[in-house]
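Here the structure is laid out as structure tokens; the discussion comes afterwards.
Note that the coordinates shown come from a computational prediction; the quantities given were computed from them, not determined experimentally. Residue numbering restarts at 1 for every chain, and letters A, B, ... go by the order of the sequence lines.
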Amino acid sequence: MQVIRDGIIFITLLLLFSGCIDPFTPEVEDIPEMIVISGRISDQEGYHYVEVSRSTSYNEPYKQSIQKCTVTIADDKDNRFELDEITPGKYQCWIGKEFLNQGTYYWVEVTTPDGKQYKSDSETLVPCPPIESIYYEEKKEDTENPDKPIYGIQFYVNTDATGYGSRNFLWSMTETWEYHSAYMVSDYYDGEIHFMYEYFDSLYYCWSSANIYDIFTFTTENLTSARVTRCPLNFVTNQTNRLSVKYSLLVSQYSISDNAYNYWNTLQHQSQGTGGFYETQPASITGNIHCTSHPDETVLGYFMVASVTQKRVFVPRNYDFVVYTPACGLYDLNTAGLNELLKGYRKRDYPIFLVNLSLTEAGPWDFADQYCFDCRKQGGTVTKPDFWE
Amino acid sequence: MKTPVTILLLFLALRVFSQEPDHFIRGSFNAVPLSTFIREAEQQAGLRFFYRNEWIENITVTAQGDSLSLREVLTGSLKITDIYYYIDTLNTVILTKGMVLITSLAGTVLSDAVSDHFASKGRNGLVTETEKSYIEGRKKIKAETIIIGDLTSMKQGKPVLVRGRMTDKESGEPLIGATAYVRETGQGYATDFDGQFLITLPAGTYDVVFNCLGMEEINYYLTLNADGPLAIEMNRKLIPLDEVKITADRFHNVRGTQMGYEHITLKTMKEIPVVMGERDVLKVAQMLPGVQTMGEGTSGFNVRGSAADQNMFFINKMPVYNTAHLLGFFSAFNPDLVKDFTLYKSNIPAKYGGRLSSIFILNSPRGNKKKLTARGGISPITGHLMVEGPLKKEKHSFILAARSTYSDWLLSQLDNPGLRNSHAAFYDLAGHLNFEPDEKNTIRIFGYYSHDKFSLSAQNQHFLYDNKGASADWKHQWRPNLTSEIALIASNYAFQIVDSSESSTKAYRHQYTIGHYEFRSDFVWIPGRHLVNFGLNSVLYQLDRGTIEPAGLLSTRNIVFLGAEKGLETALYLADEYELYPGITLAAGMRYSIYGMPGPSVVYDYYDGSPKDELYISDTLRYSGKDIIATYSGPELRASLNIRTGESSSVKVSYNKTRQYLFMLSNTLAVSPADQWKLCDYHIRPPHTDQVSVGYYKDFEEKNINFSSEVYYKKTKDIIEYKDGASFISEDPIETQLLQGDQQAYGVELMLRKSTGRLSGWLSYCYSSSTIQVDGSNSWDKINHGLTYPSNYDKPHAVNAVINYRFSRQLSIGSNVVYNTGRPVTYPVAVFYVNNREQMYYSKRNEYRIPDYFRMDLAINVEGNLKARKLAHSSWMLNVYNLTGRKNAYSVFFEAEGSQIKSYKLSIFGTPLFTITWNFKFGNYASD
């Protein structure tokens, strides 16, 4: 049973003393490639995407796009939308509001360069309720070292779907967070040390964004009311700089069909929360697309028709726990040592930022890793996003 | 000359002689026929010999000398025969066959030649005497003679039935699997669970050797006149070190018709290193050929490639549905409670049924009938104590046993965070009363309760289950050759889960219970040379799958009533074992079982040719409590043939058919504690198995080694397999979650075993295959596209070695070595991207295997001092589990990290595990 399986991953970690999880690569034989058609149409005006690719072997995975396909989204009102290939394997088109109506059935048709034709089952747009709230709770996760647990915030979502007729939901999220470098830039070296009279915050404030790849689904099918209460979403730990200044989560809530729910839920359990004691046989799930010329062909991927609502939340730093940021110790170097160090850098690394221990141009200066000064080196950008509060 | 011997008897009875005369012959006889010697003696000494030619046809004489003593020559040549001689004072020599001439009246005192050891016994109702002036027989008297039955009750031509019983002299416990070997016929007899055996032989005197592992061998002459009882008390062997030659033929391996049968006693179990120093009977069973598990820490067995629900476990006739404590790390059987266990793998006797693959029978000790004693022990995880003693000395006895963990303390010491804050506990209690009011009646009452509780606080799951039950058994001897055993048994297994792991809105509670109420009657009848077993066995199952209810304030889960059901399984059986020709024994039995499921219930019927799904319901059938929803029945033939191919080798062939009327809802690869049992019903047909096996067995007596080899082939129809994503806690009726198909299993099991001596143990190798095919006519009735796939427990190669070496009485070392091929697994064979995230596409079901399993354990057992007089005796066992520290794969799993899939191997034990256990018992080293 899945529930026991999830929990009992801990039991396996050894009731008795030392359980182990080790990386392991199974040797498997390659199988013929299969086509993957994946796309989504929502009720929001804008670009809608379909991707066409092929599966690759497990031992050497890569994304093998299929280019030059003819991709068309059609609806049961005789509208057809041709998609253009914008990047290899990714096809988009703009669909205006007037075409995106609740109750209309949509499907996709794809013709690959080798002439094969594929078509998805049709699905309809069902109204999606607004997200009632996204909130978080501080959570502690124990680790193998009892003195060093992990802290973080666990997000939850509440939605009231009463009256909307939708009962299956899929959430996808994008996270954006603000972080700062350890030191503001001031004195720097580009062949010689420049003494600046002040600090500049141009490389101090950064923002980073990332997609959250985990899948979150929920169904209210066996519940007495059509309410989603406290459904767990992602868990953000204090082990990165995400929670160091301000964190924002943009949650997109899709109202999906039973079929789509079955598909995403199966994918979710394939690779999230595995490693338990009581595993069941894994199941391959093929989705809702078929090859019209060869009905027996396996087609992976899903074309999902879903209404979407979004909500963004901001979480300022206000936690009971410590957030870990990259170590930024100062290297205490006398002048000779500092010169040696600086001569090791090449022109393209300039400027090298330094910390002035006195307020004078005589120094001395200490060295620190450059990402401590230039926040961009941790992956972000100094451009503040439009939506940022 | 030929003269009727009987007339001579009368004639000679009138003569009383105090001296035995001798005569002297001169000559050189070199393997000459006895008849020739006789003629010579007649001539030389003027003697007259009376005998029958056919008695002495093959006897030769070898002697040389001028003054050969006739007595000595006759003694020497007749030594290994059953011919006796008597020389009277009138130069007459009479030869008799099979009996010694009685020349004086009975009632004389015991000869001094007989050791006091045998002389001091006084068995009720039996006369132990040695005739004073036996005609000097062919042997020196080394054992006394026991006379069974009155001469006056002797019936001409009718075989004599001896009801024997062998017990441990010190405690009164019956000896199971002890043997009695009759030299004259070369036939052996083994004792049953009550220490009883039956010998049927024509009237006469026989040289019988009694043996039991760990006991001193005893040799008696039995003079059988008429039916009667025989009680043999055996002494413990206190010197197990030097080679004690067991000269009597080992019975069980070669001579019994039973095959596919393993029998392990307490003594063997003591020396096998196990986890946590616990003498776990189920862990021992895993070392036997043909028995596998899904991995460490899982409960349930796979016997000969079959699912875990195809095995049944009985302790003192009470069935136990969940044999695992703490998710399988310990078994539910307190080691103190298990005296021995028997496993029937292929040739299941007709008296047992209800499960397809195997029956495990565990017996508890009866209780020391002589004195009150106790024993117990402490290991890092558990403590156990057993008290036993007489209720009425030499007659009635009792046992009380308890075991418990104190694991929470242990969990809090662990590294793993999830477990550190969790709670786990179990305990079990058992009691047994044994009443023997007289020779013909035994009444036994047994009660058992085991309880497990487990909470995973990190995941918010709480879990508890218990097994409870009792059995009452009355064994009665109606006639010497007819006994019956009537038993009433009740057993109940129940579990409860509260699971809030998925989300608070979906938190639920589930309670489940299954009751098993049984009536058993087993008769054993021995008319002449047949051994007939017959009886009636009836089980009422009452199970309530319970309700899925919301748990906690936030849960909005719908209540789902899973429903209750009942079933009645009745079986009649008749079996006979008969020796067709010397050395060829046939055992054939028929068990006929009938199953019925009464209402009330609501059953859906589906359209033909459509999937079983709520969309295709064609009819709703409502049954009341008086209706029968489904019945199934069928014969189960159990037959085996034992052909003795040599002095110590035999070939056995058996055919078995079994049926099973209930099964476990389990789509996890290992048995989970939340798995529910379900009865066969309107839609779900009972699976049935046909098994054929052929075995060759050989005993190497000089070395005390037994070799057994068995080849089997099993075909099961209507085996139950679950669809992907099956759920057992939803409203969907179970028939929508499963499909029934075929399973095929075959294999070879080889085992070499040495049971005595300093070095003992066994080595076994099995090659096996177990595959399943679910290939219905429609695509929705197929699993794996209708292709055959290996079952989850198909492990082609399995090697088990158990080695014990006893350095001295106090120190012994044991080691286990286990190797098997990894179990089948379904791996991803392709990767594709959806929204830039890796997804997996899987191979055919069970197309691959996880890495192989290898493990070595070591145990060092140190006994306390060997003083004979002491209050209590203790011993220490140091145990290392997984000595090489190999990280055996339990599973291989795939976890998404960011956009990529990473694969890992999960092992249960990654380093060697050291434990120390301390055990004590009242009495001394040899007490049990």
Report yes if some heavy atom in the side chain of Ser271(A) is under 4.5 Å from a heavy atom in the side chain of Glu895(B); otherwise report no.
no

Taking atom CD of Glu29(A) as the centre, report whether more than 12 heavy atoms of other residues, nucleotides or ligands fall under 6.0 Å from it.
no

With the side chain counted from C-beta on, respond yes when Tyr263(A) and Val834(B) share a heavy-atom pair under 4.5 Å apart, and no when they do not.
yes

Top contributor to chain B interface from Pro282(A), Pro232(A), Pro61(A) [non-hydrogen pairs under 4.5 Å]:
Pro282(A)

Does Lys844(B) have more than 12 heavy atoms from other residues, nucleotides or ligands lying within 6.0 Å of its NZ?
no

Taking side chain as everything from C-beta outward and backbone as N, CA, C, O, which of these in Tyr62(A) sits under 4.5 Å from a heavy atom of chain B? Side chain, backbone, both or neither.
backbone

To the nearest 0.5 Å, how far apart are OH in Tyr841(B) and OG in Ser57(A)?
15.0 Å

For residues Glu847(B) and Val28(A), determine if any side-chain heavy atom of one lies less than 4.5 Å from a side-chain heavy atom of the other.
no

Check: Arg837(B) and Asp214(A) side chains under 4.5 Å, non-hydrogen atoms
yes

Around Glu731(B), counting heavy atoms of other residues, nucleotides and ligands shown, do more than 12 lie under 6.0 Å from its CD?
no

Heavy-atom distances under 4.5 Å only: say whether Thr219(A) touches chain B with side chain, backbone, both or neither.
both

Interface moiety of Asn836(B) toward chain A, non-hydrogen atoms closer than 4.5 Å:
both

Considering only distance and modelled atom types, tabulate donor-acceptor pairs under 3.5 Å from the side chains of residues 548-560 of chain B, sequence neighbours left out.
{"residue": "Ser555(B)", "atom": "OG", "partner": "Thr505(B)", "partner atom": "O", "Å": "3.3"}
{"residue": "Ser555(B)", "atom": "OG", "partner": "Ala507(B)", "partner atom": "O", "Å": "2.7"}
{"residue": "Ser555(B)", "atom": "OG", "partner": "Arg557(B)", "partner atom": "N", "Å": "3.4"}
{"residue": "Arg557(B)", "atom": "NH1", "partner": "Lys506(B)", "partner atom": "O", "Å": "2.9"}
{"residue": "Asn558(B)", "atom": "OD1", "partner": "Thr224(A)", "partner atom": "N", "Å": "3.3"}
{"residue": "Asn558(B)", "atom": "ND2", "partner": "Asn222(A)", "partner atom": "O", "Å": "3.2"}
{"residue": "Asn558(B)", "atom": "ND2", "partner": "Leu223(A)", "partner atom": "O", "Å": "3.4"}

Minimum side-chain heavy-atom gap Ser903(B)-Pro26(A) below 4.5 Å
yes

Rounding to 0.5 Å, atoms CD (Glu897(B)) and CD (Gln272(A)) come to a distance of 11.5 Å

Value rounded to 0.5 Å, distance of OG in Ser899(B) from CD1 in Ile212(A)
12.5 Å

Part of Ser38(A) within contact of chain B (heavy atom distance under 4.5 Å)
side chain

Nearest heavy-atom neighbours spanning Tyr213(A) and Asn835(B)
CE2-O, 3.7 Å

Tyr833(B) portion near chain A, given a 4.5 angstrom heavy-atom threshold
both

Distance-only polar pair, side chains of Gln281(A) and Asn846(B), donor-acceptor under 3.5 Å
yes

Counting only non-hydrogen atoms closer than 4.5 Å, does Thr266(A) touch chain B with its backbone (N, CA, C, O), its side chain (CB onward), both, or neither?
neither

Max heavy-atom pair count under 4.5 Å with chain A, selected residue of Asp724(B), Val829(B), Asn792(B)
Val829(B)

Nearest 0.5 Å please: distance from the CZ atom of Phe894(B) over to the CD atom of Gln270(A).
10.0 Å

Considering only heavy atoms, which portion of Glu27(A) lies under 4.5 Å from any heavy atom of chain B: side chain, backbone, both, or neither?
backbone

State whether the number of non-hydrogen atoms from other residues, nucleotides or ligands found under 6.0 Å of Gln239(A) atom CD is greater than 12.
yes

Between CG on residue Asp22(A) and OH on residue Tyr904(B), distance to nearest 0.5 Å:
10.5 Å

Take atom OH of Tyr47(A) as the centre, draw a 6.0 Å sphere, and report whether it contains more than 12 heavy atoms from other residues, nucleotides or ligands.
no

I'd like to check Phe24(A) versus Pro851(B) (side-chain heavy atoms, cut-off strictly below 4.5 Å). Are they in contact?
yes

Heavy-atom distance under 4.5 Å to chain A: side chain of Glu838(B), backbone, both or neither?
side chain

Distance check, rounded to the nearest 0.5 Å: Leu300(A) atom CG versus Gln839(B) atom CD?
10.0 Å

Checked Gln64(A), Arg230(A), Lys63(A) vs chain B; the most non-hydrogen pairs under 4.5 Å come from Lys63(A)

Mind checking whether Tyr156(A) and Ser504(B) have side chains closer than 4.5 Å, heavy atoms only?
no

